[in-house]
Structures are given as C-alpha cells and as structure tokens.
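To start, the structure itself, in structure tokens.
Basis for what follows: all heavy atoms, side chains included, without hydrogens, waters or symmetry-related copies.
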2 protein chains.
Amino acid sequence: MKDLVSRCPIEEVMQVLSGRWPSLLIYYLSEGTKRFSDLQRDNPTISHKMLTMELRKLEDAGIVQRTEFDGYPRRVEYDLTPAGLRLVPLIDALGDWWERASSDVPGDQDVANDHIKMI
Amino acid sequence: MKDLVSRCPIEEVMQVLSGRWPSLLIYYLSEGTKRFSDLQRDNPTISHKMLTMELRKLEDAGIVQRTEFDGYPRRVEYDLTPAGLRLVPLIDALGDWWERASSDVPGDQDVANDHIKMI
DNA sequence: CCCTGGTTACAAAAAGGTGCGTAATTTACG
DNA sequence: CGTAAATTACGCACCTTTTTGTAACCAGGG
C-alpha cells in the first residue's frame, strides 16, 4: 500500500494503522512508557526490524513519542503522544464493534465467538 | 498478515479493515446498494481480482451483504449489513481524529493540512 | 566480549496486477 | 435464419512488486 488513491483522511489513517502491529503497539504503549526491549517482550514474534520500522511510522504519524537518553547501554523510551492517547478509545470502539458483530450475526459459523477481549 | 498473534478483537478487526480498499469500499457502499461494476467505477484503480477478494473478505466479516440475481448478464448486488452500517461512524471518527491530529501538531511539516475530507 | 537500539543487505513470502476463460441470454449483422 | 458479439461477475494461472524475515554489523561505555 504505497500511496494514496483518494486524498481522504480515512485512507490516511488506515495507511498508518494497517497491518498487524500498529494496533498492538498502541495497545501496549497505552499501558505506559515502554522501551524497545519491553515492546519486544510484549510481542515476541515481531522482528527487530519490523519493530523499529513500525515505531518510526507511528512516530511520523504523531502517535508515538520517541525519547532517547544518553548513557551506557543506550536507552530509548516510547510513549503515546496526546493524539495517540485520544486514538486509543477509537480503536477500542472498533474492537467492541467487532465483538458485537461477531456475536449477533446468526449464521456466523466460524470461530468468532471464542475471541477473548484482551486489548 | 496471515494469521493472528494475539486473539484479541482489535487485531481481528484490523485484519479485515487493513489495506487501502476496505474503508473505501465501505464508504462507497454506505451510499447505498452497488453492483460490482459500480464499485469498479467508484474506484477505477482497483483490479477486478482485488475487488472480488476484498468484497469476499468483507462479506465473510459480516460487513457486506452479497445478493446474486439470476439473469441474462448475471447480476450481483452489494450492500452494507446492519453491522456494516454501525461500523461507518466508527471509521468516520478515525478520519476526524486524523484530521485533528494532523492540524494541531505544531512541528508537522508534511502535507497533512491540505487533506480533503471526502469520506 | 557484553549490552541496547539500530542499520543494512540479501532472501523469502505475501500481495497485487494482467489477461484469458466462462455462464446465459440478448442484440447486431449478413 | 444462423452466427457472432456483447454483457456481468467472476475464477484461475502466471508474473511482478511490495513487504517482511534473517542475519550480520555498528556505536560506545562497561
């Protein structure tokens, strides 16, 4: 999904939120300040490279604040920006919508009902 | 983004909403019933393969209703389901959030401000 | 050599595009 | 009248592009 096709804000948000990681990272960051290695522990299946790339993307989008500290083992902290914090409930609302949609569709034959609300 | 990593509803919604097309298709379908060829006209850059695949995905997710009519040239209609309709305002809220986030970040050097609200 | 956070180069995998085939019926043409 | 073409919504096979993973390397203090 390289570039936009419609110059509309919705397509733009989806461009940054699309993919497996953005929402997960935002969720874990909503718990509070995290370091690179914390986020690696939080989602063990993300590759090193993906984590840096996704964090940069979120930083560029103004969702995540990156703070670098000088020091012995170099230390970098990540937080949600105020805009990022405002985004959290919107993402939660999508999760709630999905839970409801999965449960009240009658002929929903798939495993949609054993989903666990963990974000 | 093949399979899930966290069994949480948010990751699941993002799996179906991720990408360039889902939000656009939902937007166009929120205008009312559309046929395959209508949707092709609405977004001329989507390939027919992508369009069928994305519509199937949205159908499987319970967002889109597909109705096939017998006839001379076969006719198929697509609508939003009730769940799909409930989703629309949530997506709009993301667009609004993005517009605000783009405008009130001071050091935002990119073109975020000339975005046009069209969804 | 270790640590943390990161970059780079290369390879694998996934996403996406192109074009052809198909159904059933109408219309167009010689 | 017989035949060919057009229409609509795809499925399939093949190929290119984009994304993601792997692994190796870098910095600089301990």
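For the pair B:Gln40 CD and D:dA9 P, the computed distance is 8 Å after rounding to whole Å. To the nearest angstrom, P of D:dA6 lies 23 Å from CZ of B:Arg75. Look at CD on A:Glu77: it is 13 Å from C1' on C:dT4, rounded to the nearest Å. B:Ile46 places its CD1 atom 12 Å from the P atom of C:dT18, with the value rounded to the nearest Å. When the P atom of D:dT8 is taken as reference, atom CG of B:Leu51 falls 14 Å away, rounded to whole Å. Rounded to whole Å, the distance from CE on A:Met53 to P on C:dG5 is 18 Å. For the pair A:Asp70 CG and D:dG30 P, the interatomic distance rounds to 13 Å; values are reported in whole Å. The distance between atom CD of B:Glu59 and atom C1' of D:dA9, rounded to the nearest whole Å, is 13 Å.
A:Thr67 is linked by a side chain to side chain donor-acceptor pair (under 3.5 Å) to nothing, counting only residues two or more places apart in sequence or in another chain. Listed by chain and residue number, B:Arg66, B:Arg74 satisfy the side chain to side chain donor-acceptor pair (under 3.5 Å) test with B:Glu68 (two or more places apart in sequence, or in another chain). Taking the ring-ring contact (aromatic ring centres under 6.0 Å, His included) definition, one finds that B:His48 meets it with nothing, sequence neighbours left out. For A:Arg41, the side-chain contact (heavy atoms from CB on, under 4.5 Å) partners at least two apart in sequence or on another chain are A:Ser37, A:Asp38.
Comparing A:Thr52 and B:Glu54 by the nucleotide of DNA chain C that holds the closest heavy atom to each, the one mapping nearer the 5' end is A:Thr52. If you find the closest nucleotide of DNA chain D to B:Ser37 and to A:Gly19, the one lying nearer the 5' end belongs to B:Ser37.
Remark: B:Glu77 engages B:Arg75 in a salt bridge, criterion side-chain N to carboxylate O under 4.0 Å.
The CG atom of B:Leu51 sits 4.0 Å away from atom CZ of B:Phe36, with the distance rounded to the nearest 0.5 Å. Residue B:Leu87 holds its CG atom at 4.5 Å from CH2 of A:Trp97, rounded to the nearest 0.5 Å.
In this model, the phosphate group of D:dT20 is not approached by any side-chain N or O of A:Arg20 to a distance below 4.0 Å at OP1 or OP2. In terms of phosphate contacts, B:Arg66 brings a side-chain nitrogen or oxygen within less than 4.0 Å of OP1 or OP2 of D:dC10.
The closest side-chain heavy-atom distance from B:Val16 to A:Trp98 is below 4.5 Å.
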Response to the item:
Going 5' to 3' through nucleotides 22-29 of chain D and flagging B where a protein heavy-atom sits under 4.0 Å of the base, S where only the sugar-phosphate is that close, and - otherwise, we get B-----BS
Worksheet item: Going through the checks in order, is the side-chain contact (heavy atoms from CB on, under 4.5 Å) test met by B:Glu54 and B:Lys57?
Response: CA-CA 5 Å; B:Glu54 297 291 307; B:Lys57 194 173 69 172; 3.5 Å; yes
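If you check every strand for non-hydrogen atoms under 4.0 Å, A:Tyr78 touches sugar and phosphate atoms only.
Looking at DNA chain D, the stems built from 3 or more consecutive Watson-Crick or G-U wobble pairs, each pair with its key distances under 3.5 Å, are C:1-3 with D:28-30, C:5-22 with D:9-26, C:24-30 with D:1-7.
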